[in-house]
Student: 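Quick one: this structure, given as structure tokens, is what I'll be asking you about.
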Amino acid sequence: MLSEALLERLTATPLFAVALTLAAYLVAMALLKRLGRPPWLPAILLATVLLTGALVLTGVDYTAYQDGARWLTVLLGPATVALGMPLYQLLPRIRQLWRPLAVCLPVSAVMAIVYALGLAWLMGAPPEIIASLAAKSVTAPIAMGIAEQIGGNVSLLLGALLITGVAAIAFVSLVARLMDITDERLIGFALGVNGHALGTVRAFEIGPTAGAFASLGMSLTGIFTALLLPLAWQLLS
Amino acid sequence: MPALNGFLWLLLCWLAGELIVYYTGIPISSGVIGMLLLGGALAINGGVPDSVAAAAQPLIAMLAMLIMPGVTGVFFMIDELAGQWTAIMLSLVVGTLLSVFTTLWLLKRLMQDDHAE
């Protein structure tokens, strides 16, 4: 733990929070390279565990850290807009596959929400938690916008995203084996729709076709959910 | 300075998203609207200008780092959510299993129908 006076000085500017974040991220990346990138350990999980450890060790309060890190998180706006570029690059594939996509995407994206929220509701979870879990299958930058719209807790949502991504990676390979599916297109698409960015990273490890279909599934699920979920939420409550 | 030029385009799309949200009150985040505007603008342009690629690529590569401050928050909520963890974990894990099954089952049927035609 650092002394009170030193902490006060360090957290007076955003620089300390930014340096901690960059350091934790880069150390996590270097560690993962050494470990051979195991699929059950997403980079973001290791990076945030390291960051949490650093905050606890230095004695920086989370809210003070969050204030400083706002200097980084403000970039989420333009980074979300930047996703329009890969979306544009996917257009030819969307045109080519519009028929199965038009049926499967809305059903899958809606059911991903309905199953999770139904289960949470049955188990008596309070409304704020249910709102935080709603965007669990959507890629993080888009999901954060949705959670803010419907009144969920962004940190809980991001934790839910991590768990969902890891579960989707495990279940897609399990269910595909049980159903005797070997088509990379199907596996990739299921990874992207249900497992957002984590699933997409996994799909690229399987192969470029799986990766391309996962990107497609992830982008379309994100857009579909962002356009409809907040509206549905407003109408239902 | 192509990257700065491209960054300004990203900010302008985001700003347009903010204006649309402000004037229409639609419940969609300004970033998502900006993303759709950028995708549309690129489609009209018929390609990705180097400046936009130079700004967009590093930002997309940095996304994991940009969400780190938010994800870290969940570790500081563990006590606050005591008693809710079973419901949260179960709905996420079982919900994901069910939705993975639904997606694969639907896709298998749809893609087979495609072959049959």
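Hydrogens, waters and symmetry mates play no part in the numbers below; they use all other heavy atoms, side chains included. In the text below, chain A, chain B and the rest are named by the order of the sequence lines, each starting its count at 1.
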Student: Does any backbone or side-chain atom of B/L81 lie under 4.5 Å from a heavy atom of chain A? Answer side chain, backbone, both or neither.
Tutor: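 Contact with chain A is through the side chain of B/L81 alone.
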Student: Answer with side chain, backbone, both or neither: which region of A/L76 has an atom nearer than 4.5 Å to a non-hydrogen atom of chain B?
Tutor: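 Contact with chain B is through both the backbone and side chain of A/L76.
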Student: What part of B/F75 lies closer than 4.5 angstrom to a heavy atom of chain A: side chain, backbone, both or neither?
Tutor: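 Contact with chain A involves the side chain of B/F75 alone.
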Student: In Å and rounded to the nearest 0.5 Å, what is the OG1 to CD1 distance from B/T96 to A/I163?
Tutor: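 If we round to the nearest 0.5 Å, B/T96:OG1 and A/I163:CD1 are 9.5 Å apart.
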Student: Shorter than 4.5 Å, heavy atoms on both sides: which option in B/G39, B/A53, B/S30, B/S99 has the most such pairs with chain A?
Tutor: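 That would be B/S99.
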Student: Is there a side chain to side chain contact (heavy atoms under 4.5 Å, CB included) between A/L156 and B/I88? Walk through the geometry before answering.
Tutor: CA-CA 10 Å; A/L156 178 55; B/I88 293 171; 4.2 Å; yes
Student: If you count heavy-atom pairs under 4.5 Å with chain B, which of A/S132, A/P126, A/G217 comes out on top?
Tutor: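 Ranked by heavy-atom pairs under 4.5 Å with chain B, first place is A/P126.
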Student: When rounded to the nearest 0.5 angstrom, what is the spacing between CG in B/L107 and CG in A/L105?
Tutor: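 B/L107 atom CG to A/L105 atom CG measures 9.5 Å (nearest 0.5 Å).
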Student: Look at B/G73, B/A41, B/A43, B/G47 and state which one has the largest set of heavy-atom pairs under 4.5 Å with chain A.
Tutor: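 Between B/G73, B/A41, B/A43, B/G47, the count favours B/G73.
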Student: Starting from the C-alpha separation in whole Å, work towards a yes-or-no answer on side chain to side chain contact (heavy atoms under 4.5 Å, CB included) for B/F76 and A/D61.
Tutor: CA-CA 10 Å; B/F76 293 89; A/D61 179 57; over 6 Å; no
Student: Please look at A/M144 and chain B and tell me whether the side chain, the backbone, both or neither of the residue comes under 4.5 angstrom of a heavy atom of that chain.
Tutor: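 For A/M144, the contact with chain B is made by the side chain alone.
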Student: Measure across A/S108 and B/T103 and return the closest heavy-atom pair with its distance rounded to 0.1 Å.
Tutor: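 Nearest pair, atom of A/S108 first, then B/T103: OG-OG1, 3.2 Å.
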Student: Check whether A/Y88 reaches the backbone of B/G40 with its side chain - one donor and one acceptor, N or O, closer than 3.5 Å.
Tutor: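 Not confirmed, A/Y88 side chain does not pair with B/G40 backbone.
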Student: Please round to the nearest 0.5 Å and tell me the distance separating atom OG1 of B/T102 and atom CG of A/N194.
Tutor: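 Answer rounded to 0.5 Å: 8.0 Å.
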Student: Can you tell me which portion of A/I113 sits under 4.5 Å from chain B's heavy atoms? Options are side chain, backbone, both or neither.
Tutor: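 Neither part.
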Student: Any idea which of A/G195, A/A226, A/A24, A/A82 has the most non-hydrogen atom pairs under 4.5 angstrom with chain B?
Tutor: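 Max contact count across the listed options: A/A82.
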Student: Flag the one option from A/C104, A/A109, A/G159 with the top tally of heavy-atom pairs under 4.5 Å to chain B.
Tutor: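 It is A/C104.
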Student: Grab the two heavy atoms, one from B/L90 and one from A/L119, that are nearest each other, plus how far apart they are.
Tutor: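 Of all heavy-atom pairs spanning B/L90 and A/L119, the closest is O-CD1, 4.2 Å.
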Student: Of the non-hydrogen atoms in A/V175 and B/F101, which two are nearest, and what is the gap between them?
Tutor: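 That closest heavy-atom pairing would be CG1-CD1, 3.9 Å.
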Student: Measure the shortest side-chain to side-chain distance between A/L133 and B/L92 over non-hydrogen atoms and say whether it is less than 4.5 angstrom.
Tutor: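 In short, these two side chains touch, coming nearer than 4.5 Å.
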Student: Hey, what do you get for CG (A/L22) to CE (B/M65), rounding to the nearest 0.5 Å?
Tutor: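 Between A/L22 CG and B/M65 CE, I get 5.0 Å after rounding to 0.5 Å.
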Student: So which of B/G70, B/G83, B/G17, B/A64 has the biggest tally of heavy-atom pairs under 4.5 Å with chain A?
Tutor: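 Ranked by heavy-atom pairs under 4.5 Å with chain A, first place is B/G70.
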Student: Given heavy-atom pairs under 4.5 angstrom as the criterion, report whether the side chain, backbone, both or neither of A/Q234 touches chain B.
Tutor: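 Only the side chain of A/Q234 comes within 4.5 Å of chain B.
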Student: In terms of heavy-atom pairs under 4.5 Å with chain B, which of A/V154, A/L87, A/I181, A/I130 leads?
Tutor: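 With the most close heavy-atom pairs to chain B, the winner is A/I181.
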Student: Sort B/L104 into side chain, backbone, both or neither according to what part of it lies under 4.5 angstrom from a heavy atom of chain A.
Tutor: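 Both backbone and side chain of B/L104 come within 4.5 Å of chain A.
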Student: If you count heavy-atom pairs within less than 4.5 Å of chain B, which of A/A176, A/A79, A/S137 leads?
Tutor: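 Counting heavy-atom pairs under 4.5 Å, the top option is A/A79.
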Student: Does A/W71, at its CH2 atom, have more than 12 non-hydrogen atoms belonging to other residues, nucleotides or ligands within less than 6.0 Å?
Tutor: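 Incorrect, the count does not exceed 12.
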Student: Counting only heavy atoms closer than 4.5 Å, note whether B/A16 contacts chain A via side chain, backbone, both or neither.
Tutor: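 Contact with chain A involves no heavy atom of B/A16 at all.
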Student: In terms of heavy-atom proximity below 4.5 Å to chain B, should A/P86 be classed as side chain, backbone, both, or neither?
Tutor: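 For A/P86, side-chain heavy atoms alone lie under 4.5 Å from chain B.
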Student: Go through B/L38 and A/L83 one step at a time and tell me if the side chain to side chain contact (heavy atoms under 4.5 Å, CB included) criterion holds.
Tutor: CA-CA 8 Å; B/L38 180 69; A/L83 294 174; over 6 Å; no
Student: Using non-hydrogen atoms only, which part of A/I44 is less than 4.5 Å away from chain B: side chain, backbone, both, or neither?
Tutor: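 Side chain only.
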Student: Tell me, for A/Y25 versus chain B, whether the close heavy atoms (under 4.5 Å) come from the side chain, the backbone, both or neither.
Tutor: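 When you check distances to chain B, atoms from both the backbone and side chain of A/Y25 fall under 4.5 Å.
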Student: Would you indicate whether B/M89, at its atom CE, is surrounded by more than 12 heavy atoms from other residues, nucleotides or ligands within a distance under 6.0 Å?
Tutor: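 No, not enclosed.
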Student: With chain A as the partner, which of B/E80, B/Q57, B/M68, B/Q84 has the greatest number of non-hydrogen pairs under 4.5 Å?
Tutor: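 Among B/E80, B/Q57, B/M68, B/Q84, the one with the most close pairs to chain A is B/M68.
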Student: Counting heavy-atom pairs under 4.5 Å with chain A, which one of B/G6, B/A87, B/C13 comes out on top?
Tutor: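 Sorted descending by pairs with chain A, the first entry is B/A87.
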Student: Relative to chain B, which segment of A/L72 carries a heavy atom at a distance below 4.5 Å: side chain, backbone, both, or neither?
Tutor: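 For A/L72, the contact with chain B is made by backbone and side chain together.
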Student: For A/Q149, is it the side chain, the backbone, both or neither that has a heavy atom under 4.5 Å from a heavy atom of chain B?
Tutor: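 Interface part for A/Q149: side chain.
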Student: Please name the pair of heavy atoms, one in A/P141 and one in B/L63, separated by the smallest distance, quoted to 0.1 Å.
Tutor: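 It is CG-CD2, 3.8 Å.
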Student: Check each atom of A/L162 against the heavy atoms of chain B and say whether the ones under 4.5 Å are side chain, backbone, both or neither.
Tutor: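 Just its side chain gets close to chain B.
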Student: Decide yes or no on side chain to side chain contact (heavy atoms under 4.5 Å, CB included) for B/L98 and A/M111, but give the supporting numbers first.
Tutor: CA-CA 8 Å; B/L98 292 173; A/M111 291 317 285; over 6 Å; no
Student: At a heavy-atom distance under 4.5 Å, which candidate from B/V94, B/L106, B/T72 has the highest pair count against chain A?
Tutor: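 Top count of heavy-atom pairs under 4.5 Å with chain A: B/T72.
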Student: Determine yes or no for a side-chain-to-main-chain donor-acceptor pair under 3.5 angstrom, with B/K108 supplying the side chain and A/M179 the backbone.
Tutor: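 Side chain of B/K108 to backbone of A/M179, a donor-acceptor pair under 3.5 Å: yes, one is there.
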Student: Find out whether A/S155 and B/M77 are in side-chain contact, i.e. whether some heavy atom of one side chain is under 4.5 Å from a heavy atom of the other.
Tutor: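 Yes, at least one pair of side-chain atoms sits under 4.5 Å.
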Student: Where does B/W9 contact chain A at under 4.5 Å (heavy atoms): side chain, backbone, both or neither?
Tutor: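 Neither part.
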Student: Given that the side chain runs from C-beta out, which part of A/L91 has a heavy atom under 4.5 Å from chain B: side chain, backbone, both or neither?
Tutor: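 Just the side chain, heavy atoms under 4.5 Å.
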Student: Locate the shortest heavy-atom distance separating A/L227 from B/I28; write the atom from each residue and the value.
Tutor: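 Closest pair (atom of A/L227, atom of B/I28, distance): CD2-CD1, 3.5 Å.
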Student: Side chains of A/L117 and B/S91, heavy atoms from C-beta outward: is any pair under 4.5 Å?
Tutor: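 Answer no - side chains too far apart.
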Student: So which residue, A/A140, A/A47, A/A69, ends up with the most heavy-atom pairs under 4.5 Å with chain B?
Tutor: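 The option with the most such pairs is A/A47.
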Student: How close do B/L42 and A/G84 get, heavy atom to heavy atom, and via which atoms?
Tutor: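 In terms of heavy atoms, the two residues are closest at CD1-O, 4.1 Å.
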